[in-house]
Amino acid sequence: MDNSNLDNSNNDKEQPLVAHLIELRDRLLRALLAITVVFVGLFYFANDIYTFVATPLQKFLPDGATMIATEVASPFFTPFKMTLFASVLLAIPFLLYQFWAFIAPALYKNEKRIAIPLLISSVLLFYLGMTFAYYVVFPLVFGFFTSVAPEGVTVMTDMSHYLDFVIKLFFAFGFAFEIPVATVMLIWAGTVTPDSLAKKRPYVLVSCFVVGMLLTPPDVISQALLAVPMWLLFEVGVFMGRFISPRNGGNDDIDDPNENDHIDSEKANPSH
């Protein structure tokens with residue numbers, strides 16, 4: 001009897017974990033399926049997508065110069081890689097929805113109210129950062145690099161190396177534009193306060209210019225084009241954080257409907 005009761009209690013404890021793992025597997029499979037569907041739809045346009053991404057550099061290439069492929073398989077695998085990258089980017093809203101559907105049952109009501117705007121704004125800001133990089137930063141970067149080539153050297157960039165370079169910049173600017181979301185999350189978690197962040201404004205401003213120096217060519221204009229938006233986004237995060245109550249500052253438990261029901265039942269049956 002004791003062994004059977006022990007086995008049953010173990011099964012009761014393990015079942016929720018197994019159910020969560022099954023749900024996580026299903027969410028991951030749906031995310032992978034979404035990326036695959038988008039990729040299949042875009043693959044026919046793989047060369048066009050790569051041409052679009054390569055346009056900022058091709059505008060600055062000398063007359064008669066073109067991009068080159070130094071590896072045998074590069075003409076196929078480089079557009080393939082670019083299309084896969086684009087498929088993941090386009091599927092991000094659905095991927096975040098799967099992530100949200102997985103964690104939402106474990107959140108309180110007040111946590112859900114702030115999590116949804118943060119998820120939506122993080123996607124929009126990431127796309128905005130990539131757009132800023134493509135239309136503002138790329139022309140400055142490639143214009144600078146092609147203009148400083150020594151005399152007698154023809155700029156002919158390898159298509160695979162170019163793709164690796166722009167993907168790094170896409171991610172760098174995409175994550176840089178997440179500053180407001182990161183700032184609001186820190187304030188909401190109670191790690192910092194808006195006033196303490198405001199006092200660190202000079203250090204943040206210097207850090208923005210340091211990051212701009214590392215991610216852009218060594219000229220003041222391109223550094224400022226990254227540093228100034230980063231600083232403004234930091235200010236936006238601090239401003240929005242003033243309307244956010246720290247997570248530990250309120251009674252999170254009160255927002256849990258299950259816990260409210262439990263409290264009410266105890267009041268109705270004090271002897272129980």
Side-chain angles (χ1 to χ4, degrees), residues 89 92-93 95-97 99-137 140 168-260 263:
L89 292 179
I92 282 180
L95 302 183
L96 286 180
Y97 169 76
F99 172 75
W100 167 254
F102 180 73
I103 67 170
L107 299 179
Y108 295 112
K109 288 183 179 179
N110 63 330
E111 293 174 337
K112 291 179 181 180
R113 285 195 296 266
I114 192 174
I116 293 176
L118 286 178
L119 286 174
I120 296 175
S121 59
S122 63
V123 174
L124 296 178
L125 286 171
F126 190 84
Y127 287 156
L128 181 62
M130 293 182 58
T131 303
F132 180 82
Y134 182 85
Y135 288 103
V136 178
V137 178
L140 293 172
K168 290 178 183 177
L169 285 183
F170 275 142
F171 275 116
F173 281 86
F175 285 118
F177 272 59
E178 298 292 329
I179 290 177
V181 176
T183 303
V184 170
M185 290 186 65
L186 289 174
I187 295 173
W188 176 61
T191 305
V192 294
T193 63
D195 292 333
S196 64
L197 287 176
K199 293 179 181 179
K200 295 180 175 63
R201 184 176 289 111
Y203 304 101
V204 173
L205 185 59
V206 172
S207 300
C208 290
F209 275 93
V210 171
V211 173
M213 178 186 64
L214 296 175
L215 295 180
T216 60
D219 64 274
V220 177
I221 297 178
S222 58
Q223 291 177 17
L225 284 175
L226 176 59
V228 172
M230 289 177 63
W231 172 64
L232 293 176
L233 289 169
F234 167 77
E235 296 294 341
V236 171
V238 174
F239 175 77
M240 297 300 296
R242 297 187 184 277
F243 301 95
I244 301 296
S245 299
R247 180 183 180 186
N248 297 328
N251 295 324
D252 290 341
D253 294 342
I254 295 178
D255 292 328
D256 187 359
N258 296 328
E259 203 160 324
N260 285 337
I263 293 173

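Counting begins at 1 with the first residue of the sequence. For the numbers below, each heavy atom of this structure counts, side chains included, while hydrogens, waters and symmetry mates do not.
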Rounded at 0.5 Å granularity, tell me how far CG in L205 sits from CH2 in W231. 6.5 Å
For a side-chain contact (heavy atoms from CB on, under 4.5 Å) with M185, tell me which candidate from I187, V181, T183 qualifies. V181
Residues that E178 engages under salt bridge (Lys or Arg N to Asp or Glu O under 4.0 Å), provided they are two or more places apart: none
Gap between atom CG of L140 and atom OH of Y135 - 0.5 Å precision: 15.0 Å
So CG of L95 and CG of L89: to nearest 0.5 Å the spacing works out to 10.0 Å
dist L118:CG -> L96:CG (nearest 0.5 Å) comes out at 11.5 Å
pair P180-V184: side-chain heavy atoms closer than 4.5 Å: no
How many angstroms lie between OG in S121 and CZ in F177, if you round to the nearest 0.5 Å? 14.0 Å
Evaluate L226 against M213 for side-chain contact (heavy atoms from CB on, under 4.5 Å), listing each step before the verdict. CA-CA 9 Å; L226 176 59; M213 178 186 64; over 6 Å; no
Do the rings of F175 and F171 sit parallel, tilted or perpendicular, given the 30° and 60° boundaries? parallel
Work out which heavy atom in F170 is nearest to a heavy atom in A133; give both atom names and the distance. CD2-CB, 4.4 Å
Is it true that, when you exclude M130 itself, more than 12 heavy atoms of the residues, nucleotides or ligands shown sit nearer than 6.0 Å to its CE? yes
A224 and P229: which non-hydrogen atoms are nearest, and at how many Å? O-CD, 3.6 Å
Specify the closest pair of heavy atoms between P93 and V123, including all atoms of both residues, with the distance to one decimal. CG-CG1, 4.4 Å
About how many Å separate OH of Y97 and CG of L119, when rounded to the nearest 0.5 Å? 12.5 Å
Check the surroundings of atom OH in Y134: do more than 12 heavy atoms from other residues, nucleotides or ligands lie under 6.0 Å from it? yes
